[in-house]
Amino acid sequence: MNFFDEYHPGLSIDCVIFGFQDDELKILLLKINNLKKWAVPGGFLKKNEEIVDAANRILQERTGLEEIYLEQFHLFGNLDRNEPSHAKKLIENGVIPPSLEAWFLQRFVTIGYFALVEFSQVKPSPDILSEDCEWVSMKHLPDLILDHQKIIDKGLKALQNRLRFQPVGRELLPDKFTMTELRTLYETILGEKLDRGNFQRKILSYGILNRLDETRKGGAHKAPYLYTFNDEKYDQSLAQGFSRIW
């Protein structure tokens with residue numbers, strides 16, 4: 001029995017996995033074996049598997065995490081996304097055996113998901129076609145295979161659109177954070193500066209934060225208060241959306 005007999009032909013899943021570290025938005029990428037090319041984590045759909053289950057399986061295998069926030073954002077199926085030369089390069093560089101050429105030469109439609117994870121909790125793990133799995137800054141992306149740059153760009157746009165109408169942060173920040181850290185996250189995702197006072201008033205008006213009695217020690221200025229997310233209000237905002245945008 002061929003290894004790929006259990007997988008649906010011509011259908012794949014690609015995941016843009018976002019994390020936040022040192023005031024930078026990062027994504028998890030795979031370095032392909034014997035190639036100077038990188039790829040977003042992905043995989044194939046098993047014939048008897050729900051699509052969202054396949055996406056969660058792929059994410060769990062790459063990050064070691066379960067119950068990750070996951071959102072489907074686009075279907076990539078243009079004819080020009082198929083490059084016959086890609087399969088030949090994989091064979092020439094020993095990434096796949098010649099017996100798998102036909103599988104990788106077929107036209108693939110891929111389902112794009114983006115995922116949000118807390119950076120420090122992830123244990124990056126490469127797949128069988130890759131030699132490394134690393135966090136990479138969105139500001140300095142390496143050379144990517146096929147249309148994976150387009151997949152990343154659309155994934156970021158989907159995240160930006162979500163942030164304008166729904167809360168973001170619970171999955172990307174540690175349990176306790178300052179208002180400045182939350183605002184920096186929003187600024188980093190949106191790629192624009194936000195007025196400090198307006199941001200604080202607006203984010204507090206949604207009721208999704210709990211201010212703690214604790215402060216962040218060790219800074220040169222007055223110690224800022226720490227916050228956590230109010231899970232009940234946060235989930236309501238996810239379901240209902242915000243009435244105002246940033």
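Each residue takes its place number in the sequence, starting with 1.
- Of the listed residues (Ile68, Thr63, Leu59), just one forms a side-chain contact (heavy atoms from CB on, under 4.5 Å) with Val122, and that residue is Thr63.
- Side-chain contact annotation: Asn198 with Arg201, donor-acceptor N/O pair under 3.5 Å present.
- Clustering of Ile, Leu, Val, Met, Phe, Trp and Tyr side chains at separations under 4.5 Å places Leu226 together with Leu212.
- Around the CG atom of Asp213, the shell of radius 6.0 Å holds no more than 12 heavy atoms that belong to other residues, nucleotides or ligands.
- Phe229 is linked by a ring-ring contact (aromatic ring centres under 6.0 Å, His included) to Phe177, Tyr234, counting only residues two or more places apart in sequence or in another chain.
- With hydrogens and angles disregarded, no donor-acceptor distance shorter than 3.5 Å links the side chain of His8 to the backbone of Leu45.
- A salt bridge is defined here as a Lys NZ or Arg NE, NH1 or NH2 lying under 4.0 Å from an Asp or Glu carboxylate O, and Arg170 with Asp235 meets this definition.
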Test side chain to side chain contact (heavy atoms under 4.5 Å, CB included) applied to Ile151 and Arg81, step by step: CA-CA 11 Å; Ile151 292 173; Arg81 76 178 307 267; 4.2 Å; yes

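- Side-chain contact annotation: Gln149 with Asp153, donor-acceptor N/O pair under 3.5 Å present.
- At a threshold of 4.0 Å, the pair Glu92-Lys88 does not count as salt-bridged, since none of the basic side-chain nitrogens sits closer than that to a carboxylate oxygen.
- For the side chain to side chain donor-acceptor pair (under 3.5 Å) condition, the pairs that include at least one residue of residues 25-35, sequence neighbours left out, are Gln21-Lys26.
- Counting only heavy atoms from C-beta outward, the side chains of Glu232 and Asn230 approach each other to under 4.5 Å.
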Please tabulate, one pair per line, all N/O donor-acceptor pairs under 3.5 Å involving side-chain atoms of residues 104-113, not counting sequence neighbours.
from: Gln106; atom 1: OE1; to: Gly10; atom 2: N; distance (Å): 3.2
from: Gln106; atom 1: NE2; to: Trp103; atom 2: O; distance (Å): 3.0
from: Arg107; atom 1: NH2; to: Gly77; atom 2: O; distance (Å): 2.5
from: Thr110; atom 1: OG1; to: Ser12; atom 2: O; distance (Å): 3.2
from: Thr110; atom 1: OG1; to: Ser12; atom 2: OG; distance (Å): 2.9
from: Thr110; atom 1: OG1; to: Asp14; atom 2: OD2; distance (Å): 2.8
from: Tyr113; atom 1: OH; to: Gln72; atom 2: NE2; distance (Å): 3.1

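- Under the side chain to side chain contact (heavy atoms under 4.5 Å, CB included) criterion, Ile91 pairs with Ile96, Pro98, Glu101, not counting sequence neighbours.
- Residues that satisfy the side chain to side chain contact (heavy atoms under 4.5 Å, CB included) test with Ile189, not counting sequence neighbours, are Leu25, Leu159, Gln160, Leu163, Val168, Leu172, Leu185.
- For the pair Arg162 and Tyr69, the cation-pi test (distance below 6.0 Å, angle within 45°) is passed.
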